[in-house]
Amino acid sequence: MELMTMCVIAWLTVAIFTFLPRKMSAASNILTYLMIAVIDINKISFLAFHFQCIEISSDTIRFISFIVYRDIIFSFLLLIMVNIWFAYDHKWIRFLSAVITLGIISILRLLLSSMSVFMYKHWSYIHELLMDVVMLFLTILIAFISRKITKGMKTSGKHHV
């Protein structure tokens, strides 16, 4: 049940990302995705294994559900938010996209916790929300830098090897 739920949510998240108007190039989206993934994997590793604040289920299906959440859903939600951020100049749309993203992430964390995919030991939802706010700002910064790095790069056409 956990894996099926996370796969459906992952599919919906990627589908929304696919049909969303984007101001970022494919190269900057990929670079941003990879940087988000590296930071989030390290954050989870430190919280779960070094500081033992979060206990991730050792059940195979639940662990795979957690990986689907971490590597697909969370990263693509942040990518959706960043693409909305750069596509619209209106401050309220940017603010609402950030708040809605944080709300969806919080609801998904509650869902994962209720399905015993992970449990908070020396950590709380408030701590996690603060980490998500930091991650949101880091994502905006990473996306801004990746747009500068990839500006002028050709991402389409034939490349000779």
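Note that the coordinates shown come from a computational prediction; the quantities given were computed from them, not determined experimentally.
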Under 3.5 Å, side chain of [X] to main-chain N/O of [Y], donor-acceptor pair present?
X    : Y   : answer
S65  : L3  : yes
R94  : W85 : yes
R147 : S28 : no

Below 4.5 Å, heavy atoms only, C-beta onward: do [X] and [Y] meet side chain to side chain?
X   : Y    : answer
I56 : V117 : no
Q52 : F46  : no
I39 : I142 : yes
I84 : I80  : yes

Does [X] belong to the same Ile/Leu/Val/Met/Phe/Trp/Tyr cluster as [Y], with side-chain heavy atoms less than 4.5 Å apart forming each link?
X    : Y    : answer
L110 : F66  : yes
I36  : V38  : no
L12  : I64  : no
V133 : L47  : yes
M131 : M119 : no

Atom pair [atom1]/[atom2] of [X] and [Y] - distance to nearest 0.5 Å:
X    : Y    : atom1 : atom2 : result
I41  : F74  : CD1   : CZ    : 11.5 Å
T150 : I145 : OG1   : CD1   : 11.5 Å
D40  : M135 : CG    : CE    : 5.0 Å
I9   : L112 : CD1   : CG    : 7.5 Å
L136 : L102 : CG    : CG    : 5.0 Å
I140 : T32  : CD1   : OG1   : 11.5 Å

Is it the case that over 12 heavy atoms from other parts of the model lie below 6.0 angstrom from the [atom1] atom of [X]?
X    : atom1 : answer
F17  : CZ    : yes
F144 : CZ    : no
K23  : NZ    : no
F63  : CZ    : no

Side chains of S116 and S57: donor-acceptor distance under 3.5 Å anywhere?
->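 No donor-acceptor contact under 3.5 Å links the two side chains.
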Distance-only donor-acceptor check, side chains Y125 and S113, under 3.5 Å =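 Side chains of Y125 and S113: pair found under 3.5 Å.
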Nearest heavy-atom neighbours spanning [X] and [Y]:
X    : Y    : result
C53  : W123 : O-CB, 3.5 Å
S146 : A143 : OG-O, 3.0 Å
R109 : Y120 : CD-OH, 3.6 Å
S97  : T101 : O-OG1, 2.6 Å
T13  : F76  : CG2-CB, 3.5 Å
N29  : M24  : ND2-O, 3.4 Å

Within 45° cone of F118 ring axis and under 6.0 Å: R62 NZ or CZ =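 No.
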Step by step, work out the side chain to side chain contact (heavy atoms under 4.5 Å, CB included) result for I67 and I72.
-> CA-CA 8 Å; I67 298 297; I72 299 172; over 6 Å; no
Going through the distances and angles, do M6 and W11 end up as a side chain to side chain contact (heavy atoms under 4.5 Å, CB included)?
-> CA-CA 8 Å; M6 288 300 115; W11 178 78; over 6 Å; no
Decide yes or no on side chain to side chain contact (heavy atoms under 4.5 Å, CB included) for L78 and I105, but give the supporting numbers first.
-> CA-CA 9 Å; L78 290 177; I105 289 171; 4.3 Å; yes
Stepwise side chain to side chain contact (heavy atoms under 4.5 Å, CB included) test for L77 and M81 = CA-CA 6 Å; L77 282 173; M81 190 271 314; over 6 Å; no
Taking the hydrophobic residues Ile, Leu, Val, Met, Phe, Trp and Tyr, and joining any pair whose side-chain heavy atoms are under 4.5 Å apart, which ones share a cluster with V99?
->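 When side chains under 4.5 Å apart are linked, the cluster holding V99 also contains W92, F95.
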